[in-house]
Amino acid sequence: MKHFKILLLIAILGIASVSYAQKIAHIDTDKLLAEMPETKSLKAELERLNKTYKDDIDAMVTKLEAKIKKYEAEGKTQTLEENQKRSAEVQQDRNRVYQAQQSASQEMQKKYQSKLGPILKKAEDAIKAVAAEKGVVYVLDASPGKGLLVFDKGEDLYSAVKTKLGF
């Protein structure tokens with residue numbers, strides 16, 4: 001009888017622990033973000049902006065190179081004072097090119113950061129909603145290199161989140 005009570009207690013505790021088990025799922029957030037239409041749109045927008053900046057900077061460089069070539073060809077016929085003045089002018093133009101490159105880089109970064117935040121929020125909200133619908137308590141990021149997924153026998157939420165986002 002004593003053994004029966006112990007077995008019954010173990011069975012009850014086992015059933016109770018199963019009922020309190022927490023459901024775990026995983027999702028490859030890198031893959032999800034890469035396939036979101038908003039991310040693709042952002043990428044296309046940044047590529048267009050980058051091309052515009054590149055074209056402008058390339059035009060500045062071409063103009064500078066022509067100026068340098070002209071000044072080098074005329075250098076022997078100019079006075080020392082004129083050559084020094086031209087050298088300073090070329091240096092100023094180089095500085096303008098460098099500043100344009102830095103400014104373009106900063107603007108691209110600002111645009112990326114400002115547009116990425118809402119995309120990340122939308123993905124996070126969709127993941128949370130799907131997890132709640134499926135009774136999932138923990139969601140692990142299964143993206144390569146994140147190092148969070150140890151065992152992937154849990155539920156993969158990728159398809160459900162993708163559907164929730166409408167793509």
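Between Glu107 and Lys111, none of the side-chain N atoms (NZ, or NE/NH1/NH2) sits under 4.0 Å from a carboxylate O, so this pair counts as no salt bridge.
Considering CZ of Arg96 and OG of Ser103, their distance stands at 14.5 Å, rounded to 0.5 Å. Once rounded to the nearest 0.5 Å, the distance linking CE of Met60 with CG of Asp93 reads 7.5 Å. Interatomic distance, Lys164 NZ to Lys128 NZ, rounded to the nearest 0.5 Å: 14.0 Å. To the nearest 0.5 Å, atom OG1 of residue Thr52 and atom CD of residue Glu47 are 12.0 Å apart.
Residues satisfying the salt bridge (Lys or Arg N to Asp or Glu O under 4.0 Å) criterion with Glu65, sequence neighbours excluded, are absent altogether. Scanning for salt bridge (Lys or Arg N to Asp or Glu O under 4.0 Å) contacts around Lys115 gives Glu45, with sequence neighbours left out.
Tested against Tyr71 for a side chain to side chain donor-acceptor pair (under 3.5 Å), the candidates Glu82, Arg86, Glu89 yield a single pass: Glu89.
Shortest non-hydrogen contact noted between Gly135 and Lys23 is O-CB, 3.5 Å. Closest of all the heavy-atom pairs between Asp28 and Pro144 is OD2-CD, 3.7 Å. The two atoms that bring Val130 and Ala160 nearest to each other are CG1-CB, 3.6 Å, heavy atoms only.
Heavy-atom neighbours of Lys67 NZ from other residues, nucleotides or ligands within 6.0 Å: above the threshold of 12. Shown here is Glu81, whose CD atom has no more than 12 heavy atoms of other residues, nucleotides or ligands within 6.0 Å. For Tyr138, the OH atom sits in a loose shell: 12 or fewer heavy atoms of surrounding residues, nucleotides or ligands are nearer than 6.0 Å. Counted within 6.0 Å of OH on Tyr53, heavy atoms from surrounding residues, nucleotides or ligands total more than 12; the atom is thus considered enclosed.
In this structure, Lys31 satisfies the cation-pi test against Tyr158, with its NZ or CZ atom closer than 6.0 Å to the six-membered ring centre and inside 45 degrees of the ring normal.
Listed for the Ser87 side chain is no donor-acceptor partner under 3.5 Å among the backbone atoms of Asn83. A side-chain donor-acceptor contact under 3.5 Å links Ser143 to the backbone of Thr29. With hydrogens and angles disregarded, no donor-acceptor distance shorter than 3.5 Å links the side chain of Ser105 to the backbone of Gln101.
Criterion: ILVMFWY side-chain heavy atoms under 4.5 Å apart, direct or through other members. Under it, Tyr98 and Met108 are not part of a common hydrophobic cluster. Under the 4.5 Å side-chain heavy-atom criterion for ILVMFWY residues, a single connected hydrophobic cluster contains both Leu46 and Leu120.
Between Leu140 and Ile24, some side-chain heavy-atom pair lies under the 4.5 Å cut-off. Looking at Leu64 and Val90, their side chains come closer than 4.5 Å, going by heavy atoms from C-beta outward.
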Output a table of donor-acceptor pairs, distance under 3.5 Å, between side-chain atoms of residues 36-43 and any protein atom two or more places apart or on a different chain; print 'none' if there are none.
unit_1, atom_1, unit_2, atom_2, d
Glu38, OE2, Lys122, NZ, 2.4
Thr39, OG1, Leu33, O, 2.7

Check the pair Ile127, Leu32 against side-chain contact (heavy atoms from CB on, under 4.5 Å), reporting the backbone distance first and the verdict last.
CA-CA 10 Å; Ile127 291 168; Leu32 178 70; 4.1 Å; yes

Assess the residue pair Leu80 and Lys85 against the criterion (side-chain contact (heavy atoms from CB on, under 4.5 Å)); give the C-alpha distance rounded to whole Å, side-chain angles, the decisive distance to 0.1 Å, and a yes or no.
CA-CA 9 Å; Leu80 178 62; Lys85 184 174 136 186; over 6 Å; no

